[in-house]
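So the structure is just underneath, and the comments pick up after that.
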2 protein chains.
Amino acid sequence: MRGMGATIKDVARLAGVSTATVSRVINNDPRIAPTTRERVVECIRSSGYRINKIARSLKINKTHTIGFVAPELANDFFMTIAKGVEETVAAAGYSLLIASSNENAAQEALRIDLLIEKCVDGVIIIPATSNGRHFIELREGGIPVVLADRLVSDFPADAVLVDNVQGSREAVALVIEEGCERIGFIGGDLDLTSAQERFKGYLKALADHGVRPEQAIIKFGDFHIDSGYALMRELMEEPNPPEHVFISNYYMHIGATMYLVDHASTLPRVPAIAGFDDMEFTSLLGFASVTVKQPVIEIGRRAAELLIRKIEAKDKNPNQPARPRFQILRLPGELLVRDRPQKTILARSDFHLQK
Amino acid sequence: MRGMGATIKDVARLAGVSTATVSRVINNDPRIAPTTRERVVECIRSSGYRINKIARSLKINKTHTIGFVAPELANDFFMTIAKGVEETVAAAGYSLLIASSNENAAQEALRIDLLIEKCVDGVIIIPATSNGRHFIELREGGIPVVLADRLVSDFPADAVLVDNVQGSREAVALVIEEGCERIGFIGGDLDLTSAQERFKGYLKALADHGVRPEQAIIKFGDFHIDSGYALMRELMEEPNPPEHVFISNYYMHIGATMYLVDHASTLPRVPAIAGFDDMEFTSLLGFASVTVKQPVIEIGRRAAELLIRKIEAKDKNPNQPARPRFQILRLPGELLVRDRPQKTILARSDFHLQK
DNA sequence: CTCAGTGATGTAATCGATTACATTATGCTA
DNA sequence: TAGCATAATGTAATCGATTACATCACTGAG
């Protein structure tokens, strides 16, 4: 913290006024005489005074800080949401206290405790698991919450996320309509609502077209690169592998692609991939046919807007809002159709370490 | 902020003790009688009391918060540094106030002002530009600073970064030793020290081997995908394009690869790429020969450790540390050698929007 | 028995702001 | 010119903790 900066008292003494007057100048209270204001402003400058927002927060009971909890920081998807959030809250005069839950409900609970103690004005959470029991402490503390990307059980709340069912349903439908009915599925842990919903969309698309789902070519893992790699292997080692695979997240898509690149030469037929998520590098993944592009930044922006609205509503009317219904905003995904799956082969080489 | 939570006063009343006693219990002061402690603890639980760290911070003049300023949030490299920082500071009991400078010195200055006013205990900055004049306000406020990844002029400070010169020098040397002397260069804005240093390493490697640099195949841009794409085009449109190109950052490497993929069929010869940075997706970039892998998380960890040491030193001895010399920690990069540049072609297709 | 020492707890000032309320000065009306 | 509205500023309580110092009870030494 600041070592020995001037305080409001120092400025007051210097300007020969009371601290109340200085405070009013700082806060642009209109009933300060222009000449006084000028003198105070000058003293503020000459003393190098800077407001201490900790003191201010204590008094006005508002920190202008919002908490953001994500399962992981080094993750393009989550951090693009964070970017949307930061943009939006910064424009509204808030700053962002960020915490990683490390994909772990216990750590998530700890981080939330900390945010509460630090008196954040609101919180945006990308839940680590489907377990939201520990979020109720926020509610008890009267802290507005908005969830992003995923929902949780035990804790109904406002949330902003993509329309997962619709997205995967459309992508899979498109593949079927192009003439391929046997579509494999690679998905994330069904504990996560996003994984559930994307699976549901897949099943719906099949049902819409009278296609019966086939156990053997439906695989679940955990939304990470390695899992995508492993599951694509499992699929390709089936007696009768599918010619098209729907992969329900970006990182699994990458892992699966890596597997195909590594084994392209030995596979009888390289499948095409329909994928959920279209991120910065998706266009480099050689086997993609269709992808569902999430409006990722927009998810962050909307979540932040919603949160700020809630905070300001609460500021105006601090007694029970008792709003009984929560708002779940499902933004539409965008279907990106690529050329027919390429026949060319993507190159990948493992490296060996030198020296 | 919290609506109506119990305060230390409420707990004190409930337990029939003074607030001092409650505070001592909270802070594990040993001279509290076991029976009293028990009673107070029970009252804390039953009242749902949580400490208000804002009030505490005001009194003890320490927020246990550190600021982190990066040029961009949705960036794998910066956020991997952030991950290392978060891990480390969280373990030491600090939390992270994060801000994006949007690659813009003016915004950077604003964010730093805000961090000062919020009384952070220290700051880690990945500078947006080489201009560090606005950092001196931190010094004046007595706030410890550590820079990461880049240095700035006008503000000598502790810093943690990779050894850029050494990394690019080794990578380029390796290419030369493999028999290719005409190596193109694609680099970032020389305003950034990282861009400067990597260029310097390139030149040094050439000089080491008696190779004269060739203006026409040395191109500068801005460390982004589009710039990499554009510069690779420029290079390939030279009358006599090089057969090997050194690209001095991850995103430019990606952009350049995209250009090559898009134009592989029309190019007389697709160059191999030696690159600075080896990130999650580098192995998917088909033309890489050698890459310099930065210890990215480690940069974040070390920066955080250094900062925390400085903070704690200052806590112990708040008067002028006046340490005259700053510590610049240059971590070694790791050279990753891939198989010879692939002859296979990576596939990429642009998409068209449907519906 | 007295008194110093020790342990447990309380009193009250303090951190740096904000703000309700009080006070004073000023101008305007009748 | 009295009287009152209004403008400008000051006084002091307050936010919720921490902590130096004071107090008090008890123990054991002399």
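A note on names: the letters A, B, ... follow the listed sequences, proteins ahead of strands, and every chain is numbered from 1. Values reported hereafter were calculated over all heavy atoms of this structure, with side chains retained and with hydrogens, waters and symmetry mates removed. This structure is a prediction, so every number in the text was calculated from the model and none was measured.
- Nucleotide D:dA7 holds its P atom 13 Å from the CD1 atom of A:Ile32, rounded to whole Å.
- A side-chain contact (heavy atoms from CB on, under 4.5 Å) with A:Tyr94 holds for exactly one of A:Asp121, A:Val85, A:Thr88, A:Thr63; it is A:Asp121.
- Ring geometry, B:Phe135 versus B:Phe155: the interplanar angle exceeds 60°, so the pair is classed perpendicular (tilted spans 30 to 60°).
- For the pair B:Ile112/B:Ile125, a side-chain contact is recorded, criterion being any heavy-atom separation below 4.5 Å from C-beta on.
- Note: CD1 (A:Ile44) to P (C:dG16) measures 16 Å, nearest angstrom.
- A side-chain donor-acceptor contact under 3.5 Å links B:Lys118 and A:Ser95.
- Going from atom NZ of A:Lys53 over to atom C1' of D:dC15 covers 18 Å, rounded to whole Å.
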>> Between B:Glu298 and B:Arg301, does the salt bridge (Lys or Arg N to Asp or Glu O under 4.0 Å) criterion hold? Intermediate values first, please.
In response: CA-CA 5 Å; B:Glu298 198 61 19; B:Arg301 289 199 191 113; 3.0 Å; yes
Atom pairs, protein N/O to nucleotides 18-22 of chain C N/O, distance under 3.5 Å:
unit_1	atom_1	unit_2	atom_2	d
C:dT18	OP1	A:Asn27	ND2	3.1
C:dT18	OP1	A:Arg56	NE	3.2
C:dT18	OP1	A:Arg56	NH2	3.2
C:dT18	OP2	A:Ser23	OG	2.4
C:dT18	OP2	A:Asn27	ND2	3.3
C:dA20	N6	A:Arg24	NH2	3.3

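- In this structure, A:Leu58 atom CG and C:dT14 atom C1' are separated by 12 Å, rounded to whole Å.
- In this entry the distance linking CD1 of B:Ile54 with C1' of C:dG16 reads 13 Å, nearest Å.
- Distance, B:Lys9 NZ to C:dG10 P: 15 Å, rounded to whole Å.
- In this model, the phosphate group of C:dG10 is approached by a side-chain N or O of B:Ser18 to a distance below 4.0 Å at OP1 or OP2.
- Relative to the axis of its first five pairs, the axis of the last five pairs of the helix from C:dC1-D:dG30 to C:dA30-D:dT1 sits at 60°, rounded to 10 degrees.
- One can place CG of B:Asp29 at 10 Å from P of C:dA8, the figure rounded to the nearest angstrom.
- Proximity of A:Ile8 to A:Ser23: side-chain heavy atoms (C-beta onward) are separated by under 4.5 Å at one or more points.
- For the pair B:Glu117 CD and C:dA17 P, the interatomic distance rounds to 10 Å; values are reported in whole Å.
- A 4.5 Å side-chain heavy-atom check between B:Thr21 and B:Asp29 finds every atom pair outside the cut-off.
- At a threshold of 4.5 Å between non-hydrogen side-chain atoms, the residues B:Arg50 and A:Glu137 count as touching.
- A heavy-atom distance below 4.5 Å is found between the side chains of B:Cys119 and A:Ile54.
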